[in-house]
Trainee: 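Take this structure, written in structure tokens, and hold onto it; I'll ask about it next.
In this text, all values refer to a predicted model and were calculated from it rather than measured experimentally. First the proteins, then the strands, lettered A, B, ... as listed; each starts at 1.
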Protein chains: 2
Amino acid sequence: MSKPQISFPQEQCAECPIRHRAVCARCESDELEKLESIKYYRSYEAGQTIVWAGDKMDFVASVVHGVASLTQTMEDGRRQMVGLLLPSDFLGRPNREAAHYDVTATTDVQLCCFRRVPFLEMLDTTPHVSQRLLEMTLDELDAAREWMLLLGRKTAREKIASFLTIIARREPSFQNTVGVGQVAFDLPLTREAMADYLGLTLETVSRQMSGLKRDGVIRLEGKRHIVIPDFEVLMDETGDDSDGGVLD
Amino acid sequence: MSKPQISFPQEQCAECPIRHRAVCARCESDELEKLESIKYYRSYEAGQTIVWAGDKMDFVASVVHGVASLTQTMEDGRRQMVGLLLPSDFLGRPNREAAHYDVTATTDVQLCCFRRVPFLEMLDTTPHVSQRLLEMTLDELDAAREWMLLLGRKTAREKIASFLTIIARREPSFQNTVGVGQVAFDLPLTREAMADYLGLTLETVSRQMSGLKRDGVIRLEGKRHIVIPDFEVLMDETGDDSDGGVLD
DNA sequence: CGCCCCATTGAGTGGATTCAACTCTGGTGG
DNA sequence: CCACCAGAGTTGAATCCACTCAATGGGGCG
């Protein structure tokens, strides 16, 4: 229960791994200084709850390391994940006191937190922050809309395949490659969390993973490590258009 | 085919029905003047396509009258609605040339369009616009997350009931009432569009509507006019928490 | 070792889909 | 005027995909 705190290196902004992608991406050095004065780091172990829906939330944050999830729960226990926050993603609504969703660390997580009220003031005075936040929010909205297509119309197998491509694409190792050929990564989620993400049961997730493995689309090494021999073959299983998609 | 153009009154900003809720809500009169110089109105008949996914889009817009929908279509024809735009809602991504989704007028629609590039410049120079746009985008993201819960975890009956409450809540007539007792409104969507919204088939939509009618939860007058004798009874069918929800 | 947690697999059920027939309404033209 | 048609909606019967309930497998840790 009272394990030793996870310790990530306490970064300076200058060496921050998410410096160029997070909400602070466009800041000049003087703006960074201002942000630095209202920021602090926090760490959470895998499985810990970061905030409960309805709780007062006196900070907003960037995910520096690890993966966190937003979930909604119905009275009878049905659960749906509604957000998956990877490094550089933003957590919280500046002009809202209380959280709307449960936020959970699905792996060990380090957050770079900003005190909410000062951050809110910075939004008004620092266009580089508010512009970036708008851009990130619009990107999240697009992601949510892809997700809605997945939830509403895709088969279980397509859901799994789509999920794997989503995770693979955000892997640092993937960014270098052309997006063809072999890809490998660790799943940051349990089968149950995957089920919550995809609107399935954990048994269905397990069955479909086995199916993709049986058909040679993926290889499983241990429970969590995934090897994709040919990324295009996986893409064909997602149900999405084959053309590369629209550029920004 | 070449029906007479629908004509909505060509509003001045001062008398605009969405003046206080749209992206321009916080503007001062000098800012409104600037907006007015880059704006123009456009009307579409019910059923018309406003933009196709992938098309170049040289404007962004506010919905003034009517209802428009964003939809995604898979290669084999499966369709999912991913956005429903009611009066005052915002359409388009300022810093994106091409549309990501099909946009369709589901009723007769009037848009207040802003030329995209000048609007983009205004975002940089007019905090009242960019602040409001951020707020609206965050609201849409919240709505998308509710929608994801609906798509991923709710039963067909709960989906229909939830949809009806969503429409009812945004009815002007509803705003006055306390949110109890009788409510009545016209559905702005066909059964097929409802199915696309809810991730169902149109047959299932029809069956569940009949079910709610049989059980006295709703009354149908014609195909489109809905009467809800007791809003709380409908709420109980949505599967959502009974407590009023979180305030902003 | 033995326990716990996560994951896999199997058998049977059920809710939503598919395919198909039918109804209702409004509009058009003979 | 009304017969006819097209489009939207309803209803029925059979099917199927994912769910539920239940048993089993396997790895890590006290």
Side-chain angles (χ1 to χ4, degrees), chain A residues 1-4 45-48 74 76-80 104 106-107 150-163 186-215 218-226 237 239, chain B residues 1 3 45-47 74 76-80 106-107 150-163 186-215 218-226 237 239:
Chain A
M1 194 91 310
S2 59
K3 283 192 200 161
E45 298 169 44
Q48 263 191 309
M74 295 169 69
D76 60 5
R78 281 176 282 174
R79 263 200 320 204
Q80 177 64 53
T104 313
T106 66
T107 65
L150 178 150
L151 290 172
R153 295 302 187 193
K154 289 189 177 179
T155 64
R157 186 180 172 103
E158 289 170 339
K159 285 180 175 181
I160 299 286
S162 301
F163 171 76
D186 282 316
L187 284 177
L189 270 57
T190 63
R191 297 288 184 269
E192 187 177 18
M194 285 175 63
D196 288 343
Y197 186 109
L198 299 169
L200 297 171
T201 59
L202 68 90
E203 294 96 328
T204 300
V205 169
S206 192
R207 270 185 258 275
Q208 297 298 332
M209 292 283 287
S210 301
L212 289 173
K213 178 180 163 191
R214 183 173 2 90
D215 300 343
I218 63 174
R219 283 209 313 274
L220 281 168
E221 303 182 344
K223 308 292 184 189
R224 294 294 194 87
H225 192 74
I226 304 283
E237 296 286 346
Chain B
M1 193 95 308
K3 283 193 201 161
E45 298 168 45
M74 295 171 69
D76 59 6
R78 280 176 282 173
R79 264 200 319 203
Q80 177 63 52
T106 66
T107 65
L150 178 151
L151 290 172
R153 294 302 187 195
K154 289 190 177 180
T155 65
R157 186 179 171 103
E158 288 170 340
K159 286 179 175 181
I160 299 286
S162 301
F163 171 75
D186 281 318
L187 284 177
L189 270 59
T190 63
R191 297 288 184 269
E192 188 178 17
M194 285 175 64
D196 289 343
Y197 185 110
L198 299 169
L200 297 171
T201 59
L202 67 89
E203 294 95 329
T204 300
V205 170
S206 191
R207 270 186 258 276
Q208 297 299 332
M209 292 284 285
S210 301
L212 289 173
K213 179 179 160 192
R214 182 172 4 88
D215 299 343
I218 63 173
R219 284 209 312 274
L220 282 168
E221 302 182 346
K223 306 295 182 189
R224 294 293 194 88
H225 191 74
I226 305 284
E237 297 285 347

Trainee: Can you sort out the partners of A/K159 under salt bridge (charged side-chain N to carboxylate O under 4.0 Å, His left out), two or more places apart, ordered by chain and number?
Mentor: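 With sequence neighbours excluded, A/K159 shows a salt bridge (charged side-chain N to carboxylate O under 4.0 Å, His left out) to no residue whatsoever.
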Trainee: Starting at CG of A/L212 and ending at P of C/dT9, how long is that distance when rounded to a whole Å?
Mentor: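 Those two atoms, CG and P, are 13 Å apart.
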Trainee: Quick one: is A/R224 getting a side-chain N or O under 4.0 Å of the C/dA7 phosphate, OP1 or OP2?
Mentor: yes
Trainee: Roughly how many Å is it from CE in A/M209 to P in C/dT9, rounded to a whole number?
Mentor: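 After rounding, the reported distance stands at 11 Å.
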Trainee: Identify, with sequence neighbours excluded, every residue that meets side chain to side chain donor-acceptor pair (under 3.5 Å) alongside B/T106.
Mentor: none
Trainee: Kindly give the heavy-atom pair with the smallest separation between B/Y197 and B/L151, and that separation in Å.
Mentor: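 Nearest pair, atom of B/Y197 first, then B/L151: O-CD2, 3.8 Å.
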Trainee: Side chain of A/R207: nearest nucleotide among D/dT11, C/dA16, D/dT20?
Mentor: D/dT20
Trainee: A/A156 has a side chain; which of D/dT10, C/dT9, D/dA18 sits nearest to it?
Mentor: D/dA18
Trainee: Taking only residues two or more places apart in sequence, or in another chain, which ones meet A/R207 in a side chain to side chain donor-acceptor pair (under 3.5 Å)?
Mentor: none
Trainee: Nearest-nucleotide wise, let me know which of A/R153 and B/K223 is further upstream toward the 5' end of DNA chain C.
Mentor: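 So the residue in question is A/R153.
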Trainee: Can you name the residues that form a side chain to side chain donor-acceptor pair (under 3.5 Å) with A/T201, not counting sequence neighbours?
Mentor: A/T204
Trainee: Let me know the distance between CZ of B/R157 and C1' of C/dG14, rounded to the nearest Å.
Mentor: 17 Å
Trainee: To the nearest 0.5 angstrom, please state how far the CZ atom of B/R191 sits from the CG atom of B/L202.
Mentor: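 Taking CZ in B/R191 and CG in B/L202, the distance rounds to 9.5 Å.
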Trainee: Take atom CD of B/E158 and atom C1' of C/dA16, then tell me their distance rounded to the nearest Å.
Mentor: 14 Å
Trainee: A/R157: what forms a side-chain contact (heavy atoms from CB on, under 4.5 Å) with it, not counting sequence neighbours?
Mentor: A/T155, A/Q208, A/L212, A/D215, A/V217, A/E237
Trainee: In this structure, how many angstroms lie between the C1' atom of C/dA7 and the CD1 atom of A/I160, rounded?
Mentor: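 So the two atoms are 13 Å apart, to the nearest Å.
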Trainee: Does C/dC5 have its OP1 or OP2 closer than 4.0 Å to a side-chain nitrogen or oxygen of A/T190?
Mentor: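 Indeed not, no polar side-chain atom of A/T190 lies that close.
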Trainee: Please give, in whole Å, the distance from D/dG9 C1' to B/L187 CG?
Mentor: 12 Å
Trainee: Whole angstroms only, please: what is the CZ-P distance between A/R214 and C/dT8?
Mentor: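 These atoms are roughly 13 Å apart.
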Trainee: Tell me, which of residues 191-205 of chain A have any heavy atom that sits under 4.0 Å from an atom in DNA chain C?
Mentor: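 By residue number: A/R191, A/L202, A/E203.
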Trainee: Taking CG from B/L220 and P from D/dA8, how many angstroms apart are they, rounded to a whole number?
Mentor: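 Going from B/L220 (CG) to D/dA8 (P), I get 18 Å.
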